[in-house]
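To find a chain, count down the sequence lines: A is the first, B the second, and so on, and within it residues start at 1.
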Number of protein chains: 2
Amino acid sequence: MAERYTIGTLARQVGVNVETIRYYQRRGLVQEPAKPFGGIRHYAQAHARRLRFIKEAQRLGFSLDEVGELLSLEDGLHCREVEEIAGQKLVTVRERMAQLSKIEKLLAVLVGQCHGNRGKVRCPLIASLESATA
Amino acid sequence: MAERYTIGTLARQVGVNVETIRYYQRRGLVQEPAKPFGGIRHYAQAHARRLRFIKEAQRLGFSLDEVGELLSLEDGLHCREVEEIAGQKLVTVRERMAQLSKIEKLLAVLVGQCHGNRGKVRCPLIASLESATA
DNA sequence: ATTGACTCCGTACTTAAGTACGGGAATAGA
DNA sequence: TCTATTCCCGTACTTAAGTACGGAGTCAAT
């Protein structure tokens, strides 16, 4: 039933280094499957999902500590804590989305301005992001 | 006319370390004002804006190299390059927004489920993000 | 004019997040 | 069965992004 991947195939599947997986295990982000008598550990799809999630979240600007908090939600917690953590993360996620959306609009305008144009353009990227921040 | 900040006041204003500013100068992300004869450099609001932008972009998951590319758009470039760089960045920005929006929805649901509840909840954070990715 | 705070600049140290290394065990394919 | 490939695990190295340090110069207030 449970798919049985070795750490190597798991790593290849997800596109990370074996050492990275082991590093995440040491940090407690990924649980290390029990080792069968003097043998080799086996992993399942759940591990692959978790690894992909970690990589996504990192790309979104979360540190591994923060990723750990997000994962703790997945792992099941009491409601008080969930409300606490999820609530906080929700705020930062929304902030980031707002910032990204500003940048997105600006980049789109820039590309639009440029289309077919052959001169130089100057872009008010910073000023506008700033007014967003203020 | 031009406001005259020392590196120290600039740093305090933006909330970064003086050494960080100097580091960004070495990396070419922030230009170093000309030094008056045997004296002390002076900075203007434009520098503060640029520093804040760098910090924002970092929080959104851009490396300093990527931030450099974004800043190059601000600094004025030929349209060919702008279209190239801005177009690429636009793609990644949109991807990130999509991912964040998935996480946002999930967190919101979680918090909602919890509200008033006193038991445990388990959250399908990873599974759903995964289906978003696939 | 002197003192205290700050700047300048180069070099060295730190932290987070990996990556690599190496020797011994396990296991899969010829 | 032998041999090549993985795995296991600890330790050490690397890279990106800062941070700290120290000695000499500068500026502003007493």
Side-chain angles (χ1 to χ4, degrees), chain A residues 2-44 47-48 50-72 92 96, chain B residues 2-44 47-48 50-72 92 96:
Chain A
E3 326 83 325
R4 314 176 95 247
Y5 306 107
T6 68
I7 198 171
T9 52
L10 180 65
R12 243 168 283 130
Q13 197 186 147
V14 176
V16 302
N17 197 312
V18 168
E19 307 301 327
T20 303
I21 297 176
R22 299 193 1 82
Y23 173 66
Y24 291 166
Q25 290 174 337
R26 268 177 265 140
R27 292 206 42 151
L29 295 173
V30 171
Q31 155 261 359
E32 187 167 51
K35 177 161 123 176
F37 292 120
I40 280 171
R41 297 173 207 284
H42 289 288
Y43 297 81
H47 289 100
R50 205 166 167 104
L51 288 170
R52 283 197 206 96
F53 177 83
I54 295 171
K55 283 303 177 186
E56 290 297 344
Q58 269 188 314
R59 242 171 283 142
L60 298 175
F62 293 99
S63 70
L64 288 184
D65 280 354
E66 291 175 307
V67 173
E69 292 195 315
L70 286 169
L71 287 171
S72 75
T92 68
R96 276 175 209 190
Chain B
E3 328 81 326
R4 313 176 95 246
Y5 306 108
T6 67
I7 198 170
T9 51
L10 180 65
R12 243 167 285 129
Q13 196 186 148
V14 176
V16 302
N17 196 312
V18 168
E19 306 302 328
T20 303
I21 297 177
R22 299 194 1 84
Y23 173 66
Y24 290 167
Q25 289 174 338
R26 268 177 265 138
R27 294 206 39 153
L29 294 174
V30 171
Q31 155 261 358
E32 186 167 53
K35 176 159 124 175
F37 292 119
I40 281 172
R41 296 174 207 284
H42 289 289
Y43 297 82
H47 289 99
R50 204 165 167 106
L51 288 169
R52 283 196 206 97
F53 178 82
I54 294 172
K55 283 303 178 187
E56 289 297 343
Q58 268 188 317
R59 241 170 284 144
L60 298 175
F62 293 99
S63 70
L64 288 184
D65 280 354
E66 291 175 306
V67 174
E69 292 194 315
L70 286 169
L71 287 171
S72 75
T92 68
R96 276 174 210 190

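- Looking at Gln25(A) and Ile21(A), their side chains come closer than 4.5 Å, going by heavy atoms from C-beta outward.
- Remark: Gln31(B) engages His47(B) in a side chain to side chain contact (heavy atoms under 4.5 Å, CB included) (not counting sequence neighbours).
- Tyr24(A) pairs by the side chain to side chain contact (heavy atoms under 4.5 Å, CB included) definition with Thr20(A), Leu29(A), Val30(A), Leu51(A), Ile54(A), Lys55(A), Gln58(A), Leu64(A), not counting sequence neighbours.
- In this structure Glu66(A) satisfies the side chain to side chain contact (heavy atoms under 4.5 Å, CB included) test together with Phe62(A), Ser63(A), Lys89(A), Arg96(A), sequence neighbours excluded.
- The list of salt bridge (charged side-chain N to carboxylate O under 4.0 Å, His left out) pairs with a residue in residues 33-43 of chain B, not counting sequence neighbours, reads Glu32(B)-Arg41(B).
- What separates CD of Gln25(A) from P of dC8(D) is a distance of 9 Å, to the nearest Å.
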Would you tabulate the side-chain donor-acceptor contacts of residues 5-16 of chain B under 3.5 Å, counting partners in other chains and residues two or more places apart, or write 'none'?
unit_1   : atom_1 : unit_2   : atom_2 : d
Tyr5(B)  : OH     : Gln45(B) : NE2    : 2.6
Thr6(B)  : OG1    : Gly8(B)  : N      : 3.4
Thr6(B)  : OG1    : Thr9(B)  : N      : 3.4
Thr6(B)  : OG1    : Thr9(B)  : OG1    : 3.4
Thr9(B)  : OG1    : Thr6(B)  : N      : 3.0
Thr9(B)  : OG1    : Thr6(B)  : O      : 2.9
Gln13(B) : OE1    : Gln45(B) : NE2    : 2.8

| remark: Each nucleotide of nucleotides 11-30 of chain D classed B (base within 4.0 Å of a protein heavy atom), S (only sugar-phosphate) or -, in 5' to 3' order, makes ------BBBBB----S----
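- For Thr6(A) and dC7(D), the shortest distance from a side-chain N or O to OP1 or OP2 is below 4.0 Å.
- Distance, His42(A) NE2 to dA26(C) P: 13 Å, rounded to whole Å.
- Using a 4.0 Å cut-off, no side-chain N or O of Lys35(B) falls inside it from OP1 or OP2 of dT7(C).
- Between the P atom of dA28(C) and the CZ atom of Arg4(A) lies a distance of 10 Å, rounded to the nearest Å.
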